[in-house]
Structure formats: structure tokens, C-alpha cells
Amino acid sequence: MARVLIYFAHPGQRFSQVNASMAEHARRVEGITFVDLYREYPRFNIDVGKEQTRLTEHDIILFQFPLFWYSTPSIIKEWQDLVLEHGFAYGRDGTQLAGKSVMAAITAAGPEDAYTPQGYQHYDLRTFLRPLEQTARLCKMTFLPPYALFSSLRAPAEGSATHHIAGYVRLIEALRDDRYEPGDEDLVNADTLPIVQGA
């Protein structure tokens with residue numbers, strides 16, 4: 001079994017349409033570690049030693065967050081700036097994270113067709129995640145295809161939130177149980193999860 005660490009980051013959880021429910025279901029999955037970054041560090045005073053120990057003790061790091069201004073919520077950037085130190089995460093002697101995997105579970109308010117060259121966002125969703133992907137590569141980690149939900153603000157009313165949350169639980173369990181086999185896809189969702197059944 002893989003050791004899975006989930007970092008949840010949502011600065012406005014009481015207004016959350018989908019992420020709070022995703023987090024609540026993720027928290028209940030047995031055998032994983034769940035960390036609510038905003039709850040643990042409300043003043044952004046990241047405990048670097050504690051976080052580095054968490055990272056070394058896990059195989060898969062999953063960041064769950066809503067897309068904020070085409071990026072992660074600010075606490076994830078603060079976490080990266082402080083925790084991913086030279087000599088620990090990268091550099092000649094910075095091999096503590098080598099061989100581990102990173103994944104993002106993201107919600108985006110806009111519809112999927114907005115994230116195209118013809119759409120009003122002008123770029124695909126994966127383009128906005130390149131800094132996270134390149135950070136993983138610098139740390140010699142594997143960046144797995146993100147688990148994404150578009151039109152997240154409408155998802156509860158349209159009925160797609162429940163399906164997405166159930167898929168998220170299946171994803172976490174598959175990661176934990178070594179049943180996840182990433183392919184060449186840019187993004188995955190509840191209908192396209194590459195999970196090996198019964199493995």
C-alpha cells in the first residue's frame with residue numbers, strides 16, 4: 001500500500017460548493033493522512049520541520065484546492081517557499097522527495113470550454129498548473145494527471161458534484177492501494193479515472 005498525504009487548501013471553506021464536501025469524504029478514507037493547511041496554519045506560520053517529516057513519511061502527495069486566479073491558494077505557495085528547501089527537496093543533496101508522486105485535485109468555476117484557446121480563459125487548465133508540475137520535476141517527483149471538476153459552482157445544482165466526490169474517494173483509495181495507473185491524459189475526472197480494478 002502507498003502512503004498518501006492530502007493537503008487541503010481552501011481559504012473560504014464556509015462558501016465552498018464542492019471542495020468542503022470533497023475534503024470531508026477524503027478525511028474518512030482509512031490509511032491516509034489528511035491536512036487542512038488553513039486550519040493548521042491560520043497565520044501562515046508553517047512548521048517546516050514537521051512538513052518535511054510528513055513528506056518523507058509518504059509516497060504520494062495530493063494537493064486539493066480550488067483554482068484561485070489561475071493558480072493555487074496562497075498558503076500552498078507559502079508552503080512551497082518554506083518547505084521545499086535547497087538541500088532537502090532539490091539541489092545536489094536535495095533528494096529527499098525523489099521518486100515520490102504529486103497530484104492535484106482541482107475545481108474550476110468556469111466551464112470546460114472556457115479553458116481552451118478559443119475560450120475566455122485562452123489556455124487549457126493544465127497550462128495554469130505548469131509551475132506546480134515543474135516544481136515536482138525539480139524535486140525529482142512524478143507529476144500525475146490532475147483530477148479536475150469544471151463548472152464547480154453549478155455542480156451541486158446540476159447533480160455532478162455527488163458523482164465527482166464519489167470519484168475522488170475512488171481515486172484516493174486507488175492511490176492508497178496501488179491500483180492507479182496514470183496514462184498520457186492531461187486531466188482526469190470521475191468518468192476517466194485510470195484505476196485497475198481488483199489489483
Side-chain angles (χ1 to χ4, degrees), residues 1-10 19 22-37 39-41 46-65 72-73 75-106 126 129-148 164-190 192-199:
M1 290 177 66
R3 297 166 299 175
V4 179
L5 171 60
I6 299 176
Y7 283 115
F8 171 52
H10 195 315
N19 262 281
M22 287 174 64
E24 188 57 39
H25 283 77
R27 216 186 288 267
R28 296 180 199 152
V29 177
E30 291 185 10
I32 62 106
T33 302
F34 184 91
V35 178
D36 182 336
L37 284 173
R39 181 168 293 169
E40 187 147 343
Y41 302 116
I46 310 291
D47 185 331
V48 173
K50 181 178 182 179
E51 295 306 324
Q52 289 180 347
T53 298
R54 277 176 169 158
L55 291 175
T56 58
E57 291 176 346
H58 292 83
D59 308 303
I60 300 170
I61 317 304
L62 195 160
F63 290 98
Q64 180 199 325
F65 58 92
T72 64
I75 200 166
I76 293 180
K77 183 62 168 66
E78 179 76 357
W79 181 95
Q80 291 174 312
D81 290 348
L82 298 177
V83 175
L84 302 180
E85 294 179 313
H86 184 272
F88 170 76
Y90 70 99
R92 187 177 64 186
D93 300 318
T95 59
Q96 297 297 308
L97 304 182
K100 299 180 185 291
S101 296
V102 176
M103 189 176 203
I106 313 139
R126 188 66 181 261
L129 300 175
R130 293 300 180 201
L132 195 59
E133 180 174 4
Q134 182 56 25
T135 298
R137 287 184 178 182
L138 180 66
C139 299
K140 299 179 177 62
M141 304 172 81
T142 300
F143 189 75
L144 300 173
Y147 183 70
H164 183 76
I165 293 164
Y168 188 44
V169 171
R170 288 198 311 274
L171 167 64
I172 295 167
E173 292 173 342
L175 290 169
R176 180 199 63 193
D177 299 341
D178 294 317
R179 292 185 294 108
Y180 182 86
E181 287 195 358
D184 297 327
E185 53 278 291
D186 284 332
L187 299 167
V188 293
N189 58 45
T192 62
L193 282 174
I195 295 174
V196 177
Q197 300 298 331

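In this text the structure is predicted, and so the values were computed from the model without any measurement. Quick note: residue numbers are just sequence positions, from 1. No hydrogens, no waters, no symmetry mates; every other heavy atom, side chains included, goes into these values.
- Remark: Leu138 CG to Leu97 CG distance equals 10.0 Å, nearest 0.5 Å.
- Checked for salt-bridge contact, Glu30 and Arg176 miss the test: no charged N lies under 4.0 Å from a carboxylate O.
- Distance CD1/Ile76 to CG/Leu37: 6.5 Å, rounded to 0.5 Å.
- Aromatic ring pairs are classed by plane angle as parallel below 30°, tilted from 30° to 60° and perpendicular above 60°; the pair His10 and Phe8 is tilted.
- In terms of heavy-atom proximity, Ala9 sits nearest to Pro73 at O-CG, 3.5 Å.
- Between Thr135 atom OG1 and Leu84 atom CG the span is 7.0 Å, to the nearest 0.5 Å.
- Counting heavy atoms from C-beta on, the side chains of Thr33 and Glu57 never come closer than 4.5 Å.
- In plain terms, the two heavy atoms of Leu62 and Ala105 that are nearest each other are CD2-CB, 3.8 Å.
- Expressed to the nearest 0.5 Å, how far CE of Met141 lies from CD of Gln96 amounts to 11.5 Å.
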Report task. Dump the intermediate steps for side chain to side chain contact (heavy atoms under 4.5 Å, CB included) on Leu175 and Leu144, then the final yes or no. Result -> CA-CA 11 Å; Leu175 290 169; Leu144 300 173; 4.2 Å; yes

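- Within 6.0 Å of atom CZ in Arg92, 12 or fewer heavy atoms from other residues, nucleotides or ligands are found, so the atom counts as exposed in its surroundings.
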Report task. Output, in order, the C-alpha distance, side-chain angles, deciding distance and verdict of side chain to side chain contact (heavy atoms under 4.5 Å, CB included) for Glu24 and Ile165. Result -> CA-CA 10 Å; Glu24 188 57 39; Ile165 293 164; over 6 Å; no

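- Counting only heavy atoms from C-beta outward, the side chains of Met1 and Asp177 approach each other to under 4.5 Å.
- Ring orientation note: the planes of Phe63 and Tyr7 are close to parallel, at an angle under 30° on the 30°/60° scale.
- Going from atom CH2 of Trp79 over to atom CD of Glu40 covers 12.0 Å, rounded to the nearest 0.5 Å.
- Take Tyr180 and apply the side-chain hydrogen bond (donor to acceptor under 3.5 Å, both in side chains) test, not counting sequence neighbours, and it matches no residue.
- The pair Glu173-Arg170 does not count as a salt bridge, with every side-chain nitrogen at least 4.0 angstrom from each carboxylate oxygen.
- Between Leu187 and Thr192, the shortest heavy-atom distance links the atoms O-OG1, 4.4 Å.
- Nearest heavy-atom pair, Pro145 versus Arg126, reported as atom, atom and distance to 0.1 Å: CA-NH1, 4.2 Å.
- Using a distance-only test at 3.5 Å, with no hydrogens or angles considered, a donor-acceptor pair links the side chain of Asp59 to the main chain of Arg3.
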Query raised in the report: Going through the checks in order, is the side chain to side chain contact (heavy atoms under 4.5 Å, CB included) test met by His58 and Val4?
Result: CA-CA 6 Å; His58 292 83; Val4 179; 5.8 Å; no

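- When every heavy atom of Val83 is checked against every heavy atom of Glu51, the shortest pair comes out as CG2-CB, 3.6 Å.
- A 6.0 Å sphere centred on CZ of Arg137 holds no more than 12 heavy atoms belonging to other residues, nucleotides or ligands.
- Looking at Glu78 and Ile46, their side chains come closer than 4.5 Å, going by heavy atoms from C-beta outward.
- Looking at heavy atoms from C-beta onward, Ile106 lies in side-chain contact with Phe65 at the 4.5 angstrom threshold.
- Counting heavy atoms from C-beta on, the side chains of Val35 and Lys50 never come closer than 4.5 Å.
- Heavy atoms only, all atoms of each residue included: Asp178 and Ala2 are closest at OD1-CB, 3.6 Å.
- The closest side-chain donor-acceptor pair between Tyr168 and Gln64 falls under 3.5 angstrom.
- Note that CD1 of Ile61 and CZ of Arg54 are 10.5 Å apart. Values are rounded to the nearest 0.5 Å.
- Between the side chain of Thr53 and the backbone N or O of Gly49, at least one donor-acceptor pair lies under 3.5 Å.
- Side chains of Tyr147 and His164 form a contact here, defined as non-hydrogen atoms less than 4.5 Å apart.
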